[in-house]
Amino acid sequence: MLRSYVSQRSRPHSAGLGRDKHKGGTAVIAVLALLLLWSLLTNIQGHRASPSSQTPLEKHPVPKLQNLVLVACHAVFIGSDYSKAEDQDAWLLLDYQKVPGQAHSFIEHIQEGILHAEHDPASLLLFSGGQTRKAAGPRSEAEGYWLVAEAAAWWGSQQVRERAFTEEHARDSFENLLFSLCRFYELTGHYPRELTVIGYDFKHERFADLHRAALRWPDQHFKFVGTPALTAGAQEVNHTCLSACL
């Protein structure tokens, strides 16, 4: 009798406790939802705010730069002396890249990027390329290019150094373009007015007609500067990539 009485008395209490927990859980979810909404609205307002109403120096290192000069990287530097970047063995090369002059072509791209950035004081120079080779370990293509320029004292254009950065996540040419635009925004707080890409001339179609168009970047604000390819193998790889995209 006593056990039955206790059991009957405890049931309503347990049900009530369950209802209280349910109400408490609902309240917590409601509070979290309000916090999420507040956070979202705050972020939107922050993006819409004018540069003068923010503190750009705290969030963006170079807010006044307007244009992007993008150097698409093509190999990881694995040497120990960045002043010897002309050496083929200083780079981790794919089979089709193992031809005379390949290392020099990387340096040409670095120099071309520096030259364009020097002629445009409102530009940001960005070397783009991630950790694309397992055998190279945690080294990115972009870091190698930047350090090669540093070892060469920026070929006399030391003022460009303060406007030169890296984007170290891209794995292909589309990501070179996409991630570099995002990186520019991260560094300046806005997207570039003009975009110049430095690469091999056989990649002009890929960048201008495919990647640029896919990102809906205005053609009139896009420029591609190419240097000649060194091997037919490189062009064959490019043709394969274009066929895959189409």
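The first residue in the sequence is number 1, and the count goes up from there.
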_In this structure, is the centre-to-centre distance between the rings of Y191 and F184 below 6.0 Å?_
no
*Among pairs that include at least one residue of residues 147-168, which meet ring-ring contact (aromatic ring centres under 6.0 Å, His included), considering only residues two or more places apart or in two chains?*
W146-W154
_Residues D95, K98; criterion salt bridge (Lys or Arg N to Asp or Glu O under 4.0 Å); working and verdict_ = CA-CA 5 Å; D95 288 341; K98 296 177 181 179; 3.6 Å; yes
*Determine the minimum heavy-atom distance between A103 and D87, stating which atoms define it.*
CB-O, 4.0 Å
*Might you work through the side chain to side chain contact (heavy atoms under 4.5 Å, CB included) test for L93 and Q102, ending with a clear yes or no?*
CA-CA 9 Å; L93 303 176; Q102 184 68 69; 4.2 Å; yes
*asked:* Restricting to non-hydrogen atoms, name the atom on E162 and the atom on V62 that form the minimum distance, rounded to 0.1 Å.
replied: O-CG1, 4.4 Å
*What pairs with S173 under side chain to side chain donor-acceptor pair (under 3.5 Å), at least two apart in sequence or on another chain?*
R206, H211
*asked:* Is any side-chain heavy atom of L126 closer than 4.5 Å to one of V69?
replied: no
*Would a distance-only check, ignoring hydrogens and angles, find a side-chain to backbone donor-acceptor pair under 3.5 Å from E205 to K203?*
no
*With a 3.5 Å cut-off and no angle check, do the side chains of E118 and S157 form a donor-acceptor pair?*
yes
*What heavy-atom pair brings A75 and L92 nearest, and what distance separates the two atoms?*
CB-O, 4.0 Å
*Given the side-chain rings of W91 and F77, with only the six-membered ring counted for Trp, is the space between their centroids under 6.0 Å?*
yes
*Could you tell me which residues satisfy side chain to side chain donor-acceptor pair (under 3.5 Å) with H109, sequence neighbours excluded, listed by chain and number?*
T227
*When you check the gap from the basic side-chain N to the acidic O, do K223 and E194 get nearer than 4.0 Å?*
no
_Looking at T188 and H190, would you say the former's side chain and the latter's main chain have a donor-acceptor pair under 3.5 Å?_
yes
_Treating H221 as the side-chain partner and W217 as the backbone partner, does any N or O pair qualify as donor plus acceptor under 3.5 Å?_
no
*Flag the pair V197 / L68 as yes when at least one side-chain heavy-atom distance between them is below 4.5 Å, and no otherwise.*
no
*Hey, mind stepping through V76 and Q131 against side chain to side chain contact (heavy atoms under 4.5 Å, CB included) and telling me if it holds?*
CA-CA 8 Å; V76 178; Q131 298 175 12; over 6 Å; no
*Scan side-chain atoms only and decide if N67 and S123 contain a donor-acceptor pair under the 3.5 Å cut-off.*
no
*Decide if the gap between the ring center of F179 and the ring center of H169 is smaller than 6.0 angstrom.*
no
*Please examine the side chains of Y200 and H74, heavy atoms only from C-beta on, and report whether any two atoms are closer than 4.5 Å.*
yes
*Looking only at side chains, do E108 and S105 share a donor and an acceptor under 3.5 Å apart?*
no
